[in-house]
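Input: a single structure, listed below in structure tokens.
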Amino acid sequence: MILSPETIAFLVAAATMAGCVDAMAGGGGLITLPALMAVGIPPVQAVATNKLQSCFGTFGACVAYARRGHMDLKTYKWPIIAAFVGSVGGAWLLQRVDPSILAGLMPALLIAMAAYFTFSPKLGDADRHARVGIAGLTGLVGVVGFYDGFFGPGAGAFYTTILLALGGLSILRATAQTKAANFASNVAGLLTMLAGGHVIWIAGLAMAVGSITGGQIGSHLAMRFGSRLIKPLLIIMSLALTAKMLLDPKNPIHIYLFG
């Protein structure tokens, strides 16, 4: 597929904005996927290309958080591995069943997350007592990784919710660890998509430049402002993703719920 310079510039701008949002609160795919499809890229290729650019953005955000000491890969290595393995399983299953079977559940989950972030009085910049251990977190993150490979939207917000509500992490550290899990599941999904030859390399690599730039901006903003910035964005992105799914007549969830 041949893309004009103007189209490439549009996709890079979208990826930059998405990378910034994704590094702070997740949900960058809400920007990049519609942008890819808006320029005429078919849905499967759009998902595959989005995985490519997202890998670069999440990796850049991981590096930024790690340099400032907010990421603990040693403690959370098993949840990260579970995200990778789960995503491989989800992407494998995606090629064999209809992903719309999850569609009816998604809006309710996202609204519940928005409510949690809105009304929880304990979200802040300090760690709290964990409700589950590493084994429990590994299982739950693996489930989200499976979902990320199988369906995708909102996976970053799900990772963050688990690490906040059950892992006891501060909102900044939960966001940092989310980027590591998200990177793992993105890589797993990308490798699976590559096997099918669905990636549009020119678009994906150009968008990767924007994604890395946006990821660096977003991660530094998150580290500077902490929960004052991240918490409102998590609420906004959860509600925006829900609205997108329910109102877009081309979205699988809209089709599943309303026909």
Side-chain angles (χ1 to χ4, degrees), residues 16-32 54-77 79-80 82-83 109-110 113-114 116-118 120-128 130-132 134 137-138 140-141 144-145 147-148 152-187 211-241:
T16 302
M17 183 183 301
C20 184
V21 171
D22 207 43
M24 292 185 286
L30 182 63
I31 298 171
T32 50
S54 185
C55 281
F56 285 91
T58 49
F59 177 74
C62 284
V63 171
Y65 282 117
R67 284 178 175 173
R68 296 291 294 271
H70 297 297
M71 191 173 290
D72 186 354
L73 297 179
K74 182 177 180 180
T75 299
Y76 295 97
K77 65 179 179 181
I80 294 170
L109 289 174
L110 289 165
M113 283 195 310
Y116 172 78
F117 292 130
T118 301
S120 174
K122 298 180 180 180
L123 297 185
D125 297 319
D127 287 353
R128 305 174 311 283
R131 297 183 181 181
V132 299
I134 290 296
L137 289 177
T138 298
L140 291 168
V141 168
V144 177
Y147 162 77
D148 195 18
F158 290 137
Y159 286 132
T160 303
T161 302
I162 289 170
L163 293 168
L164 277 169
L166 301 177
L169 296 183
S170 69
I171 196 165
L172 180 56
R173 289 223 307 144
T175 302
Q177 294 303 144
T178 288
K179 292 304 105 184
N182 231 161
F183 175 66
S185 55
N186 278 336
V187 169
S211 185
I212 292 171
T213 302
Q216 294 298 302
I217 295 171
S219 58
H220 283 91
L221 286 173
M223 287 183 280
R224 179 175 180 181
F225 295 104
S227 61
R228 289 177 295 164
L229 180 61
I230 299 173
K231 182 177 177 179
L233 276 175
L234 283 166
I235 296 168
I236 291 169
M237 292 310 298
S238 296
L239 294 176
L241 188 54

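With hydrogens and angles ignored, the 3.5 Å screen pairs no side-chain donor or acceptor of Q216 with any backbone N or O of A64.
Of all heavy-atom pairs between V144 and A155, the closest is CG1-O, 3.7 Å. Here the shortest heavy-atom pairing between G145 and Y159 reads CA-OH, 3.2 Å. For A83 against A181, the heavy-atom pair with the smallest separation is CB-O, 3.6 Å. Of all heavy-atom pairs between L164 and I171, the closest is CD2-CA, 3.5 Å. Minimum interatomic distance between R173 and D72 (heavy atoms only, all atoms of both residues): NH1-CB, 4.0 Å. Heavy atoms only, all atoms of each residue included: C20 and I217 are closest at SG-CG2, 3.9 Å.
Side-chain polar atoms of S54 and N186 form a donor-acceptor pair below 3.5 angstrom.
For the side-chain contact (heavy atoms from CB on, under 4.5 Å) test with P79, the passing option among L163, L140, I134 is I134; the others fail.
Scanning for side chain to side chain donor-acceptor pair (under 3.5 Å) contacts around Y76 gives an empty result, with sequence neighbours left out. Qualifying side chain to side chain donor-acceptor pair (under 3.5 Å) partners for T32, counting only residues two or more places apart in sequence or in other chains: N50. Evaluation of the side-chain contact (heavy atoms from CB on, under 4.5 Å) rule for R67 yields V63 as partners, not counting sequence neighbours. Scored by the side chain to side chain donor-acceptor pair (under 3.5 Å) test, T178 finds T160 as partners (sequence neighbours excluded).
A distance of 6.0 Å separates CD in Q177 from CD1 in I80, rounded to the nearest 0.5 Å. Atom CD1 of I162 and atom CZ of R131 lie 13.5 Å apart (nearest 0.5 Å).
Within 6.0 Å of CZ on F183 lie more than 12 heavy atoms contributed by other residues, nucleotides or ligands. No more than 12 heavy atoms of other residues, nucleotides or ligands sit less than 6.0 Å from atom CE of M17.
Note: Y65 and H70 have perpendicular aromatic rings, judged against thresholds of 30 and 60 degrees for the angle between ring planes.
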